Amino acid sequence: MAMSARTEGAFAAFVREVEPRLRQALVATYGPVDGREATVDALSWAWEHWDRLRDVRNPGAYLYRVGQSAVRRFGSRPLPVGVFHASDAASPDLSPELVPALARLSTQQRTIVVLIHAYGWSQADVATLLEINASTVREHMNRALTRLRDQLEVRNAC
Amino acid sequence: MPADVIEQLRMLRDVLDAHAAPVTFDDLRRTDMTIRLEPESTDVVHPDPVGDTEPGHRWTKRVLALAAVLAVVVGLAIIGRQDRGATGPGPGNGIPATVASPDPSFTITTNNGLTAFPLTHPETGPTVVEVSDTTVPLGNRAPIAIGDSVMLGAKPELERFGFVVEASEARQANDVIELVHQLRTDGRLGNTVVIHIGTNGEVTDDDLAAIMANLPSDEVSSVWFLTVSGDRPWVAANNQRIVTLPSSYPNVQVGYWYDLAVNLPGRATDGIHLASDEAKQFYADLIATWTGIRQ
């Protein structure tokens with residue numbers, strides 16, 4: 001797609017602004033491998049549809065959904081639990097059961113709890129991304145934390 | 001003693017960051033910015049055969065178009081019910097020869113909803129569950145409407161027609177697969193199920209096959225899938241998949257919501273959700289009419 005240097009510069013600035021949180025959102029949902037890949041796909045789509053995207057009110061949320069669509073295109077895969085094992089040594093306090101427990105949450109619960117408690121997003125920002133009410137976010141987050149605690153406690157007690 | 005869950009999640013960030021490096025503009029350049037998604041130009045709707053270029057005739061054409069679509073929709077509903085031997089309310093086939101249309105003053109513009117598409121067949125082997133025993137006879141179970149936030153907006157209106165509404169915000173296909181599986185396991189599926197999903201993300205042939213695996217025609221005589229509307233990149237492809245379902249599943253019929261929603265007054269500014277009471281009632285009336293519940 002041919003673009004002027006000015007447009008290209010504007011798009012590069014857009015990527016710098018949107019990419020970190022878009023990547024965090026997709027990683028929270030799909031894990032680091034598929035999440036990053038989906039980020040590349042979503043931003044590639046943004047490049048191709050740049051004219052249209054400039055009019056979108058919430059481009060981050062829009063591209064998140066494009067990324068979701070991309071993941072589904074290359075196949076719905078389980079959260080790659082194994083990819084975290086290499087990092088266990090770097091985080092000795094991190095329970096090896098945490099990621100498997102996250103993988104057992106619903107997609108929505110996992111996305112919300114990781115965005116809020118791993119990446120430090122506000123509940124309002126998550127609500128904007130997912131286009132749901134803040135109260136729904138809070139509900140999912142509390143349920144996710146309860147499930148994680150139950151599962152980690154059970155595993156640790158065994 | 002391991003750290004609390006919240007503390008562990010905080011530590012997880014470093015691990016995630018280590019495995020998901022930032023995507024830069026140069027990274028995108030190196031991938032040649034290939035489009036890997038469905039091109040949006042694949043619109044499911046043919047150009048309006050009625051035309052819309054003469055303002056003086058626009059209103060008349062809109063009413064005629066709406067009447068034509070409703071007539072076809074009602075006709076399909078009657079034919080569908082005749083084919084499978086209607087068990088719903090009402091004499092004979094369960095639907096009167098004429099069915100009251102939604103508020104005629106609520107005029108909308110529509111394209112021809114009965115667009116032909118290449119027929120495809122799902123190629124999946126979805127999981128099927130054992131149905132639990134239930135004490136509620138099949139014919140007495142309430143119709144179920146499953147959907148996302150669009151349907152959620154009209155929940156009270158649908159409930160007034162007797163639907164059990166299982167709708168939630170940001171719903172994805174996976175949620176519906178699980179929900180239908182659960183409803184069947186619980187013995188809650190009746191003769192009529194309405195499904196309206198695809199607004200929030202792609203619904204693949206595999207997803208649709210997995211849903212239908214738990215809606216077999218010998219248990220659920222009438223499954224209505226509604227097409228979706230919205231300026232989102234997956235909508236056209238989802239609709240293409242939805243409209244081919246009747247070719248694979250004899251108990252499936254399609255409600256062409258996309259065509260009716262395009263110029264529906266009373267939608268929210270996002271062009272997707274139902275904002276006004278009239279729009280919500282129109283949506284519920286349509287579903288109730290399609291399924292033969294509204295007479």
Side-chain angles (χ1 to χ4, degrees), chain A residues 1 8 11-12 15-16 19-20 22-24 27-28 31-33 35-36 39-41 43-45 47-49 52 57 62 65-66 68-70 72-74 76 83-84 87 90-91 93-95 98-99 102 106-108 113-114 116-120 130-133 136 145 148-149 152 156, chain B residues 1-40 148-149 168-175 178 199-204 206-207 230-234 237-238 269-270 272-273:
Chain A
M1 180 174 171
E8 197 170 301
F11 183 74
V15 170
R16 279 196 299 276
E19 188 275 340
L22 175 64
R23 176 168 41 89
Q24 288 177 358
V27 166
V33 178
R36 188 181 186 280
T39 306
V40 172
D41 277 351
L43 290 172
S44 299
W45 185 91
W47 169 263
E48 289 290 340
H49 299 81
R52 168 186 289 202
R57 193 179 41 176
Y62 197 97
R65 295 191 185 284
V66 173
Q68 285 184 306
S69 198
R72 296 176 69 76
R73 181 162 292 278
F74 55 71
S76 183
V83 79
F84 295 93
S87 302
S91 309
D93 292 331
L94 201 59
S95 167
L98 176 63
V99 174
L102 281 170
S106 73
T107 304
Q108 185 118 313
V113 81
V114 170
I116 291 174
H117 289 296
Y119 287 120
L130 299 178
E131 297 178 334
I132 58 179
N133 291 329
T136 309
L145 286 175
L148 287 175
R149 286 196 176 104
L152 294 185
N156 290 329
Chain B
M1 178 72 183
D4 176 65
V5 164
I6 290 178
E7 184 55 35
Q8 292 209 32
L9 285 166
R10 265 190 217 115
M11 291 186 282
L12 183 68
R13 177 178 183 155
D14 292 337
V15 179
L16 293 174
D17 285 345
H19 289 285
V23 178
T24 66
F25 186 55
D26 286 340
D27 289 335
L28 298 174
R29 248 194 242 280
R30 279 193 288 275
T31 65
D32 293 332
M33 307 251 188
T34 309
I35 304 177
R36 302 174 201 186
L37 305 178
E38 204 67 36
E40 287 187 277
D148 53 28
S149 52
S168 70
E169 292 174 322
R171 177 159 270 168
Q172 298 282 343
N174 277 343
D175 305 324
E178 288 172 23
T199 311
N200 299 305
E202 188 176 21
V203 181
T204 65
D206 287 357
D207 294 330
D231 183 19
R232 291 177 170 173
W234 46 82
N238 284 349
T269 52
D270 62 10
I272 295 173
H273 296 97

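Every heavy atom of this structure was used, including side-chain atoms; hydrogens, water molecules and symmetry mates were not. Treat the numbers as computed from the prediction; the structure is a model and nothing was measured. Chain letters run A, B, ... following the sequence lines, proteins first, then strands; residues in each count from 1.
- Partners of B:Q172 under the side chain to side chain contact (heavy atoms under 4.5 Å, CB included) rule, at least two apart in sequence or in another chain, are A:R65, A:Q68, B:D175, B:N200.
- Contact of A:R57 with chain B is made through the side chain alone, with heavy-atom distances under 4.5 Å.
- Considering only heavy atoms from C-beta on, B:R13 stays 4.5 Å or farther from A:H117 through its side chain.
- Of the two parts of A:L130, only the backbone, made up of N, CA, C and O, holds a non-hydrogen atom closer than 4.5 Å to a non-hydrogen atom of chain B.
- In this structure B:A21 satisfies the side chain to side chain contact (heavy atoms under 4.5 Å, CB included) test together with A:R36, sequence neighbours excluded.
- With rounding to the nearest 0.5 Å, the separation of CG in B:D148 from CD1 in A:I132 is 13.0 Å.
- A salt bridge links B:R232 with A:E131: the distance from a Lys NZ or Arg NE/NH1/NH2 to an Asp or Glu carboxylate oxygen falls below 4.0 Å.
- When every heavy atom of B:A20 is checked against every heavy atom of A:R23, the shortest pair comes out as O-NH1, 3.0 Å.
- If you take CD on B:Q8 and CG on A:L148, they are separated by 9.5 Å, rounding to the nearest 0.5 Å.
- In this structure, the side chains of B:L16 and A:V114 come closer than 4.5 Å at one or more pairs of heavy atoms.
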- Item | From CA spacing to verdict: side chain to side chain contact (heavy atoms under 4.5 Å, CB included), B:L12, A:Y119 | CA-CA 9 Å; B:L12 183 68; A:Y119 287 120; over 6 Å; no
- Under the side chain to side chain contact (heavy atoms under 4.5 Å, CB included) rule, what do B:L9 and A:I116 come out as? Steps first, then yes or no, please. CA-CA 9 Å; B:L9 285 166; A:I116 291 174; over 6 Å; no
- Test B:I6 against A:R149 for side chain to side chain contact (heavy atoms under 4.5 Å, CB included), laying out the working first. CA-CA 9 Å; B:I6 290 178; A:R149 286 196 176 104; 3.7 Å; yes
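- Here the side chains of B:T24 and A:V15 are not in contact, with every heavy-atom distance at 4.5 Å or above.
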- Does the pair A:N133 and B:E169 meet the rule for a side chain to side chain contact (heavy atoms under 4.5 Å, CB included), with working shown? CA-CA 8 Å; A:N133 291 329; B:E169 292 174 322; 3.6 Å; yes
